[in-house]
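This chain uses plain numbering: 1 for the first residue, then up along the sequence. As the structure lists them, so they are numbered: ligands from 1, and atoms in each ligand from 1.
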Amino acid sequence: MIPAAKPLIGRDERRAVDKVLRSGGLAQGPQVAAFEEEYSATVSGAHCIAVNSGTSALHMAFVAAGIGVGDEVIVPSFSFAATANAVALTGATPVFVDVEEDYFSIDPGAFEAAITKKTKAVMPVHLYGHPADMTAIDLIAKKHGIMIFEDAAQASLSSIHGRPVGTWGVAGSFSFYPTKNMTSGEGGMVTTMDATFARNVRLYRNQGMEIRYQNEVVGFNTRMTDIHAAIGRVQLKKLPRWTKQRQDNAAFLSSNLEGVITPPVAPGADHVFHQYTIRIVDTDRNAFADELTKRGVGNGVYYPTPIHRLPSFNLPLSLPVTEQVAAQCLSLPVHPALKKRDLETIVTVVNAVARAGI
Ligand SMILES: *Cc1c(COP(=O)(O)O)cnc(C)c1O
């Protein structure tokens, strides 16, 4: 079986963890500080604040920006639930809008149409590692005085028009969950160009304290441990090579797959291929997926149910493109552990299943 995803943990990571364990300092400390500084190089020198998950990164960014009860935040419904959970947990209302079908990211026209007097922010998601249309979103947001937050959980190292994701708005949020392009075990990073905002995120991460026991605001404990940061630092060094491997794997798949819609890359976009997501349009996607599994090709559906349809939100909205792509999308293995032989197998199997019309 070719696995759909495979976290790569090596001797360097184990050694780094062992070093922290021997140091006796386990909680947030020098490893976290070093990880933040090193990650900053991937986001044009932005301030970086490490937290315990990508969800916390989203949540802390909204809290630090003062988003709360009575505010609306526009989000795409075609994403992982954490995108909307982070909004809802502040007391604000996530307003779900449609995506465009080529790149699966928020439709700028739908974003503009959803703006009300209560709209405080928009949060595009760089889904599968493909950057959203940030130029268009930025223009609309500026015109209406709306803050931009980026859900860059899947998009470490991605950029559009030469500008890294996570640097376009008030804040960006990245995830280091094990299946993401790099991992710290669990973990996340808030990125921002604004020093005051960065300080506020640091406060909310740590009970509202900068100086111990002088709590300035009511805060959380969403700190990253030095153990996790040590893993993240090693992985970050490997990320450029792994990303190149993902992109090469994607290029091979795109030039050899037949009978399915392969993922296009927008002009100026640097797609980091967290997922390589095809669309099955002529036959039943679930049957297609089952057949791939039967023939040894791991795969995944991200995400089968749009967020607004989940029991946690359950809103009777009509988002036709979202409904359509949720029924068509299918992610194939693209991770850097794939061998040439694996890629050839994926092509042979997918093409055979497509030809069979399953
Ligand atoms: C993974 C992910 C998150 C949440 O990150 P965690 O580290 O799992 O909390 C948020 N948004 C998107 C789009 C994700 O893929």
Does the ring center of [X] lie less than 6.0 Å from the ring center of [Y]?
X: H130; Y: Y103; result: yes
X: F220; Y: H59; result: yes
X: Y128; Y: Y302; result: no

Would you say the side chains of [X] and [Y] form a donor-acceptor pair under 3.5 Å?
X: S173; Y: D151; value: no
X: D270; Y: Q247; value: yes
X: T191; Y: Y39; value: no

Quick one: ligand 1 N/O to protein N/O pairs below 3.5 Å?
residue  : atom   : partner : partner atom : Å
ligand 1 : 5 (O)  : S175    : OG           : 3.3
ligand 1 : 7 (O)  : G54     : N            : 2.8
ligand 1 : 7 (O)  : S175    : OG           : 2.7
ligand 1 : 9 (O)  : G54     : N            : 3.3
ligand 1 : 9 (O)  : T55     : N            : 2.8
ligand 1 : 9 (O)  : T55     : OG1          : 2.5
ligand 1 : 11 (N) : D151    : OD1          : 3.3
ligand 1 : 11 (N) : D151    : OD2          : 2.8
ligand 1 : 15 (O) : Q154    : NE2          : 2.8
ligand 1 : 15 (O) : K180    : NZ           : 3.1

